Amino acid sequence: MPEFSLPPQYDASTVESALYKRWVDAGIFTAHVDSPKKPYVIVIPPPNVTAVLHMGHGLNDTLQDAIIRFERMRGRETLWLPGTDHAGIATQNVVEKQLAAEGKTRFDLGREAFVQRVAGFVSETGAVILDQLKTIGCSCDWSRTRYTLSPELSRAVREVFVRMWEEGLIYRGHRVIHWCPRCLTALSDEEAEFHETSGNLYYIHYPLTHGSGQDGHVTVATTRPETLFGDTAIVVNPEDPRGRPFVGKTAKLPITGLEIPILADDSVDKEFGTGFVKVTPAHDANDFEVGMRHKLAMPLIMTEDAKMGDVGKRESGNGKRVPKEIEGLDRFEARKKVVKMLEAQGLLAKVESHQHAVRRCYRCDSIVEPRLSDQWFVKMKPLAEPALAAFRKGEVRFVPERWETTYVQWLEGIRDWNISRQLWWGHRIPVFTCTKCKHEWADRVDPTSCPTCGGGVTQDPDVLDTWFSSWLWPFSTLGWPEQTVDLKHFYPGHTLVTAPEILFFWVARMIMSGLHFLKQVPFNTVYLHGTVRDTKHRKMSKSLGNGIDPLDVVRLYGADALRWTAIAGVSIGSDLILDHEDLEATFAPGRNFANKLWNIGRFILSQLPEQVPAIESIGRKTLTLADRWILSRCQATIDAATKANEQFRLDEAAKLCYEFVWGDLADWYLESAKGRMGPAAYAVLAHCFDVGLRLLHPDVPFITEELWQKLPGRKPGALLAGAAWPVASAKARDAEADLAFGRVQELITAIRSIRAEYRIAPKTKLSAVLNSKHADAYAAETESITRLAGLENLSIGGSAAGVGAHAVLKDGSDVFVALTGSIDVAQECKRLTTDRDRLDKQLAGLSAKLSNESFVSRAPADVVAREREKEQAWRAQVRALNDKLKALGCA
RNA sequence: GGGUGGUUAGCUCAGUUGGUUAGAGCGCCGGUCUCACAUACCGGAGGUCACAGGUUCGAAUCCUGUACCGCCCACCA
């Protein structure tokens with residue numbers, strides 16, 4: 001036996017980084033365009049450049065790595081393309097916070113200095129996350145790392161913008177958009193998230209100009225009284241008898257007394273509020289539509305940072321609208337003050353508490369202020385239609401399928417995309433205006449003069465939405481608009497793995513851009529996994545303090561443990577629930593499994609000779625029942641795990657392999673083989689463990705590689721990460737062995753149960769008598785049965801003598817175990833009676849079923865036959881139990 | 001309001017097209033430091049599969065409804 005000196009416990013921290021380095025140095029992760037293999041491409045959802053690894057990445061990237069490693073082993077030329085996103089608002093916010101700590105704002109620095117500062121920050125701290133991905137084993141092609149704000153990708157962004165401009169898909173819209181008064185920028189619909197909020201509904205009297213109403217006023221309901229200064233009309237539903245008489249009359253704004261008309265508009269819901277709706281066209285998207293229909297003035301009554309005040313002359317309609325005492329107040333302060341003033345004037349009818357959805361900025365959580373402004377929009381309909389068609393033609397599918405409805409509904413109801421942001425960090429919008437002739441155009445290169453009149457040039461100050469670069473990721477990363485070799489070889493890709501939260505932000509838009517610019521969907525499968533949550537099902541986040549730092553997990557339990565939890569812990573598309581207060585319960589199973597593998601490896605290494613015979617060289621006749629069984633199990637696992645992986649049921653594949661290696665190989669085969677090591681056992685053991693390591697490599701790459709390296713027969717330089725996925729071998733599944741060894745397992749378990757039940761001292765040898773019509777199977781494994789059940793001898797057939805315990809097996813065999821010393825007859829009687837009664841009850845049910853005409857005639861023949869057999873076996877068991885009870889003299 | 005997912009053991013979850021006695025991990029109880037592993041081994045307890053109907057020879061699985069939890073979308077002021 002070869003020497004081995006491995007510690008009894010696997011220490012992940014001592015091997016992981018060296019293994020990772022070996023993979024990288026060997027170039028395993030690098031994709032080659034000249035490879036004859038079929039490509040398989042995944043582009044990473046680029047993390048924010050300033051991000052640090054959290055469990056969301058842990059889940060997302062582990063799944064991608066498991067998929068890409070599986071495909072790599074299956075012989076595809078895999079490309080997993082990594083990179084980062086410049087993350088406009090998010091990154092700008094981080095740096096602005098730093099500045100705030102220095103008592104400065106970005107305006108103090110000025111645009112150029114600020115952008116430089118952000119760039120500096122990014123280059124200093126940036127891409128930390130990519131290194132962190134290495135610690136969890138991600139097999140990205142680092143030679144192709146990309147960044148959304150790099151010159152290459154910026155070029156793609158600009159090309160896309162100009163092309164769409166030329167195609168008339170980009171336009172300037174003057175309308176109410178979502179405005180974040182803290183970030184001081186517009187947001188897209190998707191970036192302004194709804195949050196249920198409990199607020200108030202204020203009922204306010206607007207006095208009628210000519211006092212002709214019942215009480216000389218009409219009453220409106222609003223959640224935002226402070227906006228009344230921007231009201232330019234009151235509308236009622238033309239069908240509503242309450243409002244109809246007032247149409248055409250005028251009312252006065254409370255506090256300021258400005259006169260506004262009362263108009264009819266279909267958009268008013270007769271069921272809600274008072275039937276009278278105040279219209280603030282510049283601060284409400286819906287009111288804006290009303291304002292457009294009725295050609296109302298649209299005065300802005302708040303500044304960009306949401307303080308009350310008249311803004312601009314152009315929109316202001318009737319001139320000054322915000323009174324002195326309100327001017328300069330924050331919108332929420334103003335609300336309080338307005339309510340007080342209304343009360344003082346007797347114009348506040350009532351206040352009701354009211355649940356409603358308020359939009360908040362997805363980056364800073366501020367309540368978004370709807371605000372009339374000029375922004376750039378993309379016409380989405382022409383892009384959405386091909387994306388729908390492609391889906392309907394089956395060019396892209398979603399896993400799990402249920403997301404398809406969501407995708408379709410969003411595309412069907414698509415709205416134009418606001419792509420301009422009033423930020424400094426990002427791709428500056430390439431729209432230029434002539435200072436002389438006011439000509440406006442988009443340009444691929446920065447112009448120095450107006451192409452029409454030669455006048456001076458100014459560029460639009462805004463930048464593009466961060467997602468305007470992300471949506472090009474599947475091809476901008478491959479060099480588009482250049483027709484690069486990479487682009488030709490690796491586009492379109494295959495699988496996109498991400499969270500459903502960014503289905504609209506990102507996934508749907510990538511499909512649209514891919515179709516529009518390259519006429520092909522960028523990937524054929526979208527795998528949407530769940531969200532990482534805590535045990536209370538709250539999203540895991542830093543702000544909630546319920547986070548788990550993946551690097552802590554790696555340090556404490558190893559990267560494989562983290563990966564194991566992420567893969568085996570979720571079924572397809574479901575959320576990953578983790579307990580941040582009990583890391584041990586959450587991650588120990590993975591660590592323990594790695595340790596189990598380690599120890600199987602230690603055992604095998606202590607047994608195997610230098611030269612292990614190939615499994616193919618072992619004659620079938622020299623195989624024992626246990627050999628045949630484990631080989632059959634091995635084959636079954638290859639088949640099932642391969643299929644599960646192909647269907648993205650990664651958890652199932654992982655668990656199948658776990659069960660094979662731990663449950664079958666270690667707990668049974670290894671134990672049974674201990675007594676009879678020889679060429680056949682060596683070959684079987686080496687083969688099965690090798691298969692197990694290969695199958696598990698995508699899930700737990702480190703421990704499997706570490707062990708695989710140590711096994712005999714390795715060629716120098718060979719790596720498991722680059723090894724082949726096991727395939728169906730010539731040795732077919734062995735149903736006979738499955739069944740026979742299953743009986744052996746049951747017998748051993750039965751005897752062990754008796755041993756525990758009667759509290760037989762552990763080292764006491766027992767003898768057992770087995771009566772069975774399947775004697776052959778048991779006879780073939782007498783040696784291991786004897787050893788594993790702790791028997792002195794096992795006689796198959798013959799009659800039992802003396803007192804002892806009794807058990808009945810599923811196939812009707814019964815086993816009698818002679819017990820040393822006296823047995824507790826009462827206890828054995830109780831045991832047997834319980835068994836008998838339970839069996840009797842089941843038998844009664846089964847017999848009823850079998851005598852049921854309908855069952856016999858309508859159920860499939862094999863089901864009926866199986867039930868018949870079962871009935872017979874149970875009958876035999878009951879008889880045997882009764883005999884035994886009689887023999888023991890039980891009551 | 002529309003869409004969508006869930007409810008199975010104390011906890012976190014599996015359960016393939018309806019068909020043996022519904023499973024796993026953790027936890028729990030009892031026993032073992034057995035020469036690969038106590039991060040282990042052996043044995044065990046624990047579930048009227050949310051509820052009510054229905055279809056079927058047969059339902060955790062299919063249908064209808066109810067309750068509770070969740071997510072996405074939506075201009076109810």
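The sequence lines fix the lettering, A, B, ..., with proteins before strands; numbering per chain opens at 1. Fair warning: this is a prediction, and the values are worked out from it, not measured in the lab.
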N or O in side chain of Ser753(A) less than 4.0 angstrom from rC42(B) OP1/OP2: no
RNA chain B: Arg752(A) or Gly569(A), which has the more 5' nearest nucleotide? Gly569(A)
Would you say the side chains of Thr219(A) and His205(A) form a donor-acceptor pair under 3.5 Å? yes
Looking at Glu226(A) and Arg335(A), is any side-chain nitrogen of the basic one under 4.0 Å from a carboxylate oxygen of the acidic one? yes
Other residues, nucleotides and ligands only: do more than 12 of their heavy atoms fall within 6.0 Å of CD on Gln872(A)? no
Validation row, ring centre Trp598(A) to ring centre Tyr10(A) under 6.0 Å: yes
Provide the distance between the two C1' atoms, one in rC63(B) and one in rG23(B), to the nearest whole Å. 27 Å
Is any NZ, NE, NH1 or NH2 atom of the basic residue among Lys674(A) and Glu671(A) found under 4.0 Å from an Asp or Glu carboxylate oxygen of the other? yes
Quick one: on RNA chain B, does Ile600(A) or Ile577(A) contact a more 5' nucleotide (nearest heavy atom)? Ile577(A)
So if I take every side-chain heavy atom of Arg402(A) and compare against rA36(B), rC42(B), rU4(B), which nucleotide ends up nearest? rU4(B)
Which nucleotide in the list rC57(B), rG3(B), rC37(B) gets nearest to the side chain of Gln409(A)? rG3(B)
Convert the base pairs of RNA chain B into dot-bracket notation, remembering that pairs crossing earlier ones are written with [ ] and that bases paired across to another strand are shown as |; include only Watson-Crick or G-U pairs under 3.5 Å. (((((((..((((.....[...)))).(((((.......))))).....(((((..]....))))))))))))....
Report yes or no: do Tyr206(A) and Asp231(A) form a side-chain donor-acceptor pair below 3.5 Å? yes
Carboxylate-amine/guanidinium proximity below 4.0 Å for Glu193(A) and Arg359(A): no
Against the six-membered ring of Trp179(A), is Arg360(A) placed for a cation-pi contact (under 6.0 Å from the centre, within 45° of the normal)? no
Using a strict cut-off of less than 4.0 Å between a Lys/Arg side-chain nitrogen and an Asp/Glu carboxylate oxygen, indicate whether Glu706(A) and Lys710(A) qualify as a salt bridge. yes
Between Lys596(A) and rC41(B), is there a side-chain N or O to OP1/OP2 distance below 4.0 Å? yes
Which whole number of Å gives the distance between the P atom of rC49(B) and that of rU21(B)? 15 Å
Heavy-atom contacts, protein to nucleotides 70-77 of chain B, under 4.0 Å, summarised as B (base), S (sugar-phosphate only) or - (none) per nt, yield -SSSSBBB
Does Asp265(A) pair with Arg293(A) as a salt bridge, N-O distance under 4.0 Å? yes
Going 5' to 3' through nucleotides 15-31 of chain B, assign each nucleotide B (protein heavy atom under 4.0 Å from a base atom), S (under 4.0 Å only from sugar-phosphate atoms) or - (no protein heavy atom that close). ----BSB---S----S-
From rA36(B), rU4(B), rC13(B), pick the nucleotide closest to the side chain of Ala666(A)? rA36(B)
Is the shortest distance from a Lys or Arg side-chain nitrogen in Glu352(A) or Lys350(A) to a carboxylate oxygen in the other one below 4.0 Å? yes
